[in-house]
Amino acid sequence: MIVCSCNVLSDHDVRAALDHATAPRNAGQVYGCLGCSPQCGRCARTIRRIMDEATAAAACVRCPATATAE
Ligand code: FES
């Protein structure tokens with residue numbers, strides 16, 4: 001799904017940027033990581049939501065409550 005129509009960025013593009021070792025820490029860095037810059041800014045909230053979801057998912061992976069017994 002396209003989340004930024006100005007730069008034609010998809011949610012997959014944003015998630016891919018977040019998977020790098022030097023993952024962006026804010027929406028502005030996501031644009032830079034993907035080789036573009038914010039234009040109208042309407043997508044910033046959506047990009048932040050994708051970042052929050054990725055952070056929450058990573059936290060769940062590390063959470064001992066979700067770890068399986070070996
Ligand atoms: S929709 Fe992303 S900068 Fe305009």
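Counting starts at 1 for both ligands and their atoms, in listed order. None of the values given here were measured: they were computed from a predicted structure.
Counting only heavy atoms from C-beta outward, the side chains of V14 and T46 never approach each other to under 4.5 Å. L9 places none of its side-chain heavy atoms less than 4.5 Å from the side chain of C43.
Not a single N/O/S atom of C4, whether from backbone or side chain, sits less than 2.8 Å from atom 4 (Fe) of ligand 1.
Short contacts between ligand 1 and G41, defined as distances under 4.0 Å to a heavy atom of the residue, involve ligand atoms 3 (S), 4 (Fe). Shown in contact with C6 at under 4.0 Å from a heavy atom are these atoms of ligand 1, numbered in order with element: 1 (S), 3 (S), 4 (Fe). The distance from ligand 1 to the heavy atoms of S5 drops below 4.0 Å at these ligand atoms: 1 (S).
Taking all atoms of both residues into account, the shortest heavy-atom contact from M51 to P24 is CE-O, 3.6 Å.
Put simply, CG on D13 and OH on Y31 are 12.5 Å apart, with the number rounded to the nearest 0.5 Å.
Every pair passing salt bridge (Lys or Arg N to Asp or Glu O under 4.0 Å) that includes a residue from residues 22-50 is listed here, sequence neighbours excluded: R49-E53.
The single protein non-hydrogen atom nearest to atom 3 (S) of ligand 1 is Q39 N, 3.2 Å, given as residue, atom name and distance.
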